[in-house]
Amino acid sequence: MSVYTDIEAAVMPVLAQMEYNGINLDVPNLEVYSEKLGEKIQALETGIYTKAGMEFNLNSPKQLGEVLFDLLQLVEKPKKTKTGQYKTNEEVLSGLAHEHEIVREILDYRGLTKLKSTYVDALPKEVLPATGRIHTTFSQAITTTGRLSSVNPNLQNIPIRTEEGREIRRAFIPREGFTLLASDYSQIELRIMAELSGDQGLREAFIHGEDIHTATAARVFSVDKADVTREMRSKAKMVNFGIIYGISAFGLSQRLGIPRKEAQEIIEQYRANYPGVQDYLDSTIEFAQKNEYVQTIAGRRRYIRDINAKNQMVRSGAERNAINAPIQGTAADMIKIAMISIQKMIEEKQTKTKLLLQVHDELVFDLALDEADELIPLIEEKMRSAIPMEIPIIVESGTGSNWLEAH
DNA sequence: AACCTCACG
DNA sequence: ACGTACGTGAGGTTC
């Protein structure tokens, strides 16, 4: 019996080819950016030490916690980590930002040093002299859900959410005379949830091409879709994510910054408005309780051995795993099947275009300009049809002279 | 090596 | 009373 599914066996040579291909990095621009970040970091550091009235190692959460909570005493009862240190993570610091100017500067310092050490300074060292390109390694036997992972370097967590981070994404560039193509699945996990659950409301929203977060907002807040505010949509987006992750009132209240009772009401509204989803989640957990595993559409199993645990915390965690794994795993199956069929096409056509990266719901190609018109529709179609579904599967593509522009 | 933090989907 | 959203990898500090 193989430890790999058929899909994994078939995608293996595709991954080998992607690793071999590698991607170009604009090292000179990153070196300029490193200098610039270094200066900003230096300035922040000086300001922080002045405001603290002492110098310390800003990179040490332990020392930082002592400065903020023992020396400056910013709060009465600071949160602690499980080993008894003060917590100084982004969530805690954001909550303290109005207490003291220093906190904002620490957050800025944290953000910039993260970018500099993990990406700007680290990535150029990963360029292979022989090819002048970055070659990641994709692992297929790491995750519990069937996703790939990427190491040495990890190219699945390149920044995109902040302006400063996006500068790093700009450094990923095509070969001379080529363009980068990024094709990604739109809201794939929610579509899979709609498919697996068969929930009528969720299905109709996708079939009618509605904005899914707005549709959910209208339902959970009992308003007309036209009257959904940005705040309502933003909250509904968190609810939708929460559903995929195995929502709890506590978890949702944390993320929305609202009392648990309100979060509970939102969840109850969701359940009442999407009864098919609720039934699906219940039956998934029942299946797991009986079989001690759950599975994806393609039959990939995740064993959930804690599903009948006595300890409620452990059991709840297992239930979240049972809910999330078939959804995340089906999305992983889908994109792997697409990769197999796209690589086959590329080889048969002997294109200059090459598949470079996979980032869970996205494929990145080094695209030959004269092949774009022919290949983009074919790539999109292979992604859409990898696992046939009743729910429409939407793929969005973009091209550009770097990875950021391709989005 | 464990811990904390934070980058991504 | 307690305390968590799912899945990863990497850098820096501390022990």
Side-chain angles (χ1 to χ4, degrees), chain A residues 56-65 79-94 106-107 109-123 125-126 136-140 142-162 164-166 168-169 184-190 193 238-256 260 263 267 294 302 304 311-329 331-332 335 357-363 403 407:
Chain A
F56 60 98
N57 187 344
L58 251 176
N59 294 324
S60 162
K62 184 169 184 286
Q63 294 181 36
L64 177 62
K79 288 188 183 167
K80 298 271 190 75
T81 68
K82 64 177 172 200
T83 54
Q85 303 298 327
Y86 295 125
K87 290 192 81 165
T88 67
N89 62 19
E90 201 272 339
E91 187 193 345
V92 168
L93 294 183
S94 293
I106 292 165
L107 280 165
Y109 174 89
R110 278 263 176 91
L112 297 182
T113 50
K114 175 77 173 182
L115 295 180
K116 188 170 188 290
S117 62
T118 308
Y119 303 101
V120 179
D121 292 345
L123 287 172
K125 297 177 191 161
E126 299 285 347
T136 186
T137 301
F138 289 106
S139 303
Q140 206 170 190
I142 298 288
T143 71
T144 52
T145 58
R147 275 188 172 185
L148 302 178
S149 78
S150 161
V151 292
N152 302 324
N154 180 357
L155 296 185
Q156 291 183 323
N157 71 345
I158 301 302
I160 195 169
R161 292 175 188 167
T162 66
E164 293 85 354
R166 285 194 278 275
I168 293 160
R169 214 163 253 251
D184 58 274
Y185 287 108
S186 162
Q187 257 130 30
I188 189 60
E189 294 191 347
L190 279 174
M193 168 70 89
M238 302 239 216
V239 173
N240 279 332
F241 273 110
I243 295 297
I244 291 167
Y245 296 154
I247 202 164
S248 74
F250 180 85
L252 185 64
S253 71
Q254 291 289 298
R255 259 149 207 81
L256 295 183
R260 194 158 98 177
I267 291 170
V294 290
R302 173 172 179 178
I304 313 280
N311 183 313
Q312 200 244 314
M313 281 275 291
V314 173
R315 196 170 63 248
S316 296
E319 288 175 1
R320 292 195 296 275
N321 296 153
I323 286 167
N324 180 256
I327 300 169
Q328 191 180 113
I335 195 166
L357 299 175
Q358 187 254 46
V359 192
H360 311 305
D361 65 354
E362 171 188 8
L363 297 177
W403 194 2
H407 270 279

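Below, all heavy atoms of this structure are taken into account, side chains as well, without hydrogens, waters or symmetry copies. All chains are named by letter (A, B, ...) in the order of the sequence lines, taking the proteins before the strands, and each is independently numbered beginning at 1.
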*Return one dot-bracket line describing DNA chain C 5' to 3' (Watson-Crick or G-U wobble pairs, both distances under 3.5 Å; ( ) same strand, [ ] crossing, | another strand, . none).*
.....|||||||||.
*Identify whether any heavy atom of A/S248 sits under 4.0 Å from a base atom; if not, whether one sits that close to sugar-phosphate; answer base, sugar-phosphate or nothing.*
base
*When we call it a touch if two heavy atoms are under 4.0 Å apart, what does A/R260 touch: a base, just sugar-phosphate, or nothing?*
base
*Which part of the nucleic acid does A/S150 contact within heavy-atom distance under 4.0 Å: base, sugar-phosphate only, or nothing?*
sugar-phosphate
*With P as the reference atom in both, quote the distance from C/dA1 to B/dC6 in angstrom, rounded to an integer.*
31 Å
*asked:* Tell me whether A/R302 contacts the main-chain N or O of A/V294 through its side chain, where contact means a donor paired with an acceptor under 3.5 Å.
replied: no
*Using the C1' atom on both, measure B/dC8 against C/dG3 and round to a whole Å.*
26 Å
_What I'd like to find out is whether the side chain of A/T88 reaches to under 4.5 Å of the side chain of A/R110, using heavy atoms alone._
yes
_With a strict under 4.0 Å distance from non-hydrogen atoms of chain A, what nucleotide opens and what nucleotide closes the contacted stretch of DNA chain B, reading 5' to 3'?_
B/dC3 to B/dG9
*Kindly indicate whether the side chain of A/D184, heavy atoms from C-beta on, has any atom under 4.5 Å from the side chain of A/I335.*
no
*asked:* Using a 4.0 Å cut-off to any heavy atom of chain A, which nucleotides of DNA chain C are the first and last in contact, reading 5' to 3'?
replied: C/dG3 to C/dC15
_What contact category does A/I142 fall into here, base, sugar-phosphate, or nothing, at under 4.0 angstrom with non-hydrogen atoms?_
sugar-phosphate
*Any donor-acceptor N/O pair, A/Q85 side chain to A/K62 backbone, under 3.5 Å*: no
_Over all strands shown, is A/I160 touching base, sugar-phosphate only, or nothing at heavy-atom distances under 4.0 angstrom?_
sugar-phosphate
_C1' gap between B/dA2 and C/dA5, integer Å_ = 24 Å
*Looking at every strand, decide which applies to A/N154 at a 4.0 Å heavy-atom threshold: base, sugar-phosphate, or nothing.*
sugar-phosphate
*Looking at side-chain heavy atoms only, is the closest gap between A/N324 and A/I244 below 4.5 Å?*
yes
*Could you tell me whether the side chain of A/E362 reaches within less than 4.5 Å of the side chain of A/Y185, counting heavy atoms only?*
no
_Pairwise side-chain contact, A/T136 with A/N154, heavy-atom cut-off 4.5 Å (strictly under)_ = no
*Under 4.0 Å between any heavy atoms, over every strand shown, what does A/Q254 touch: base, sugar-phosphate, or nothing? Just pick one.*
nothing
*When we call it a touch if two heavy atoms are under 4.0 Å apart, what does A/R161 touch: a base, just sugar-phosphate, or nothing?*
base
_What contact category does A/G242 fall into here, base, sugar-phosphate, or nothing, at under 4.0 angstrom with non-hydrogen atoms?_
base
*Name the nucleic acid region contacted by A/N57, choosing base, sugar-phosphate or nothing; use a 4.0 angstrom heavy-atom cut-off, strictly under.*
sugar-phosphate
_A/L357 side chain near A/F138 side chain, heavy-atom distance below 4.5 Å_ = yes
*Residue A/F241 excluded, over 12 heavy atoms near CZ under 6.0 Å*: no
*Going by heavy atoms in the side chains, are A/W403 and A/I168 under 4.5 Å from each other?*
no
*Please figure out whether A/M313 or A/H360 has its closest DNA chain C nucleotide nearer the 5' end.*
A/M313
*Tell me what A/S316 touches on the nucleic acid: a base, only sugar-phosphate, or nothing, going by heavy atoms under 4.0 Å.*
nothing
*Is the backbone of A/L115 close enough, under 3.5 Å, to the side chain of A/T118 for a donor and an acceptor to pair up by distance?*
no
_Euclidean distance for C1', C/dC2 against B/dT5 (whole angstrom)_ = 24 Å
*Base, sugar-phosphate, or nothing for A/I158, non-hydrogen atoms under 4.0 angstrom?*
sugar-phosphate
*Check for a donor-acceptor pair, side chain of A/S253 on one end and backbone N or O of A/A263 on the other, with a separation under 3.5 Å.*
no
_If I compare all heavy atoms of A/Q156 with all of A/S149, which pair ends up nearest, and what's the gap?_
OE1-CA, 3.5 Å
_Sugar-phosphate only, base, or nothing, as touched by A/E189 at under 4.0 Å among non-hydrogen atoms_ = nothing
